[in-house]
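All chains are named by letter (A, B, ...) in the order of the sequence lines, taking the proteins before the strands, and each is independently numbered beginning at 1.
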Protein chains: 2
Amino acid sequence: MEKNLKRMATMQRMQSVGLAIFYKRGYYDTSVDDVLKELSLSKGAFYYHFKSKEEFFISIVQNIIFQKVYSELIAPIEGLEDPTFILDKCFDSALETTEHNDLDNGFVLSNFITEFNGKNPAIIKLLNEILRVWEVNLITCLQKGKTDGYINRHVDSEAVASYLMSSYIGVRLLMVEGNAKLLRYKFMQQLRSYFKTIIVKR
Amino acid sequence: MEKNLKRMATMQRMQSVGLAIFYKRGYYDTSVDDVLKELSLSKGAFYYHFKSKEEFFISIVQNIIFQKVYSELIAPIEGLEDPTFILDKCFDSALETTEHNDLDNGFVLSNFITEFNGKNPAIIKLLNEILRVWEVNLITCLQKGKTDGYINRHVDSEAVASYLMSSYIGVRLLMVEGNAKLLRYKFMQQLRSYFKTIIVKR
DNA sequence: TTTGCAACAAACCATACGGTCTTTTTAATG
DNA sequence: CATTAAAAAGACCGTATGGTTTGTTGCAAA
């Protein structure tokens with residue numbers, strides 16, 4: 001009975017280490033042996049747990065990446081307060097973790113979307129689905145803000161959501177250049193300025 | 001004397017085709033043979049003109065990518081008019097070419113920055129330099145807008161430049177999902193809204 | 001016409017990759 | 001302790017890659 005638990009533990013360890021290396025060096029430039037070396041495991045162990053490298057990566061997307069994006073960008077904006085206030089806090093803290101975590105430069109989703117685009121439609125579809133969840137949640141958040149009197153009724157929620165996603169994805173990429181702290185400061189400053197264009201004026 | 005011309009022509013053809021394939025499938029997932037097959041050339045031809053695959057790519061960055069970014073995003077904003085007007089036109093037309101060109105989804109620079117990040121510092125440095133040129137030009141454009149009475153004097157030009165770059169890079173990535181036309185419309189709409197926060201109010 | 005070199009062809013090499021297969025170790029159960 | 005199946009080891013295979021080398025073609029200058 002405990003076997004199943006160990007199995008799960010090993011698989012999760014593999015996925016966790018796998019993501020770190022794939023994220024750092026890219027999927028196609030990381031060999032299965034690279035991952036196994038970091039894990040001190042053998043090919044036998046890998047192909048006992050996973051059918052292929054691709055299936056391994058797909059399980060990482062479903063089990064880790066989705067949760068990561070959800071906990072960092074989606075869950076935090078499901079409150080009832082002023083959307084611009086919630087979004088401000090959410091983006092700021094998301095960028096803060098980026099700032100302090102060297103392994104977290106760039107943006108997991110956009111990095112892999114870039115890498116798999118045109119090569120692996122199945123994985124692209126998976127990754128885009130995560131983006132969609134984020135988008136839908138942003139739109140819902142903004143719409144609620146309208147009915148609650150925070151957001152101007154004439155605002156195009158879908159357009160704002162796209163614009164927010166764009167700027168976030170972009171700034172995460174610019175952060176790979178270094179100087180994440182300054183960039184975060186600039187970004188948040190302009191984001192707040194932009195928020196003024198969508199709130200209800202008092 | 002004409003030999004040199006032919007040499008240049010062949011090299012340029014190689015670079016042009018090389019960029020197209022690297023852009024589509026990624027650098028590491030494209031073999032030299034893949035490029036040569038498209039060119040109907042042999043290994044001998046390739047290694048006669050270029051020392052290595054890496055040097056080949058570097059020449060592409062310097063000779064093609066830089067020019068592409070320059071003509072699309074940098075040169076157009078060197079006018080004397082209202083910066084928000086110039087930038088509006090520049091971004092809109094840049095996104096329009098994206099919309100109509102299937103080979104042009106994503107953003108050349110950000111795609112490759114993502115791919116080479118953490119793997120090839122030399123190439124990363126090259127690509128970042130291009131970003132810097134873009135950034136400096138944006139800042140200059142905005143500063144001139146201040147002295148010309150278009151942009152509010154209290155605006156942080158560097159922050160605005162970063163924010164503009166971020167949102168553009170991000171929206172280009174979102175466009176790989178398809179529906180570039182709608183996304184462009186939404187983006188430009190919000191960009192114009194954002195511009196209202198930095199102009200001089202009359 | 002002959003020479004010489006630029007331009008290319010293509011066989012070849014070492015290495016590294018994803019994946020398979022057989023064998024060994026580990027650990028729960030009787 | 002013996003049994004058994006899960007878990008892991010690691011040698012092995014076919015293929016593809018970046019790069020080298022040797023050979024061939026074509027054209028300009030003598």
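Proximity note for B:K53 (side chain, C-beta onward) versus D:dG18, D:dA8, C:dA9: the nearest is D:dG18. When each of C:dA11, D:dA7, C:dT20 is scored by its nearest atom to the side-chain atoms of A:K43, the top-ranked nucleotide is C:dT20. Each of C:dG19, C:dA7, D:dA8 was ranked by its minimum atom distance to the side chain of A:S52; first place goes to C:dG19.
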Show every donor-acceptor pair shorter than 3.5 Å between a side-chain atom in residues 130-146 of chain A and any protein atom, with sequence neighbours excluded, or say none if there are none.
residue : atom : partner : partner atom : Å
A:R132  : NH1  : A:E135  : OE1          : 2.8
A:N137  : ND2  : A:E78   : OE2          : 3.4
A:T140  : OG1  : A:V136  : O            : 2.8
A:K146  : NZ   : A:V155  : O            : 2.6
A:K146  : NZ   : A:S157  : OG           : 3.4

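Taking only side-chain nitrogens and oxygens, A:Y48 never comes nearer than 4.0 Å to OP1 or OP2 of D:dA8. Note on A:R7: every side-chain N or O is 4.0 Å or more away from OP1 and OP2 of D:dA6. Side-chain N/O atoms of A:T10 include none lying less than 4.0 angstrom from OP1 or OP2 on D:dA7.
Relative ring orientation between B:F56 and B:F46 is described as perpendicular, the plane-to-plane angle rising above 60° on a 0-90° scale split at 30° and 60°.
Judged purely by distance below 3.5 Å, without hydrogens or angles, the side chains of A:Q15 and A:S59 pair a donor atom with an acceptor atom. Between A:D82 and A:T84, the side chains place a donor N or O and an acceptor N or O closer than 3.5 Å (distance only, hydrogens not considered). At a cut-off of 3.5 Å, with distance as the only test, no side-chain donor of B:R172 or B:S110 sits close to an acceptor on the other residue.
Atom CZ of B:F56 and atom C1' of D:dG19 are 15 Å apart (whole Å). Between the CE atom of A:M14 and the P atom of D:dA7 there is a distance of 11 Å, rounded to whole Å. Distance A:E54 CD to C:dG18 C1': 12 Å, rounded to the nearest Å. Across the protein-nucleic acid pair, A:Y47 atom OH and D:dA8 atom P stand 16 Å apart, rounded to whole Å. The CE atom of A:M11 sits 10 Å away from the P atom of D:dA7 (whole-angstrom rounding). Rounded to an integer number of Å, the gap from B:F46 CZ to D:dT17 C1' is 13 Å. Note: NZ (B:K51) to P (D:dT21) measures 15 Å, nearest angstrom. Between B:H49 atom NE2 and D:dT20 atom C1' there is a gap of 17 Å when expressed in whole angstrom units.
Only A:T30, A:S31, A:V32, listed by number, bring a heavy atom of residues 27-37 of chain A to less than 4.0 angstrom from any atom of DNA chain C.
Residue pairs meeting the ring pair (Phe, Tyr, Trp, His ring centres under 6.0 Å) criterion with at least one partner in residues 72-101 of chain A, sequence neighbours excluded, are A:F91-A:Y168.
In the displayed structure, B:Y47 atom OH is contacted under 6.0 Å by more than 12 heavy atoms of other residues, nucleotides or ligands.
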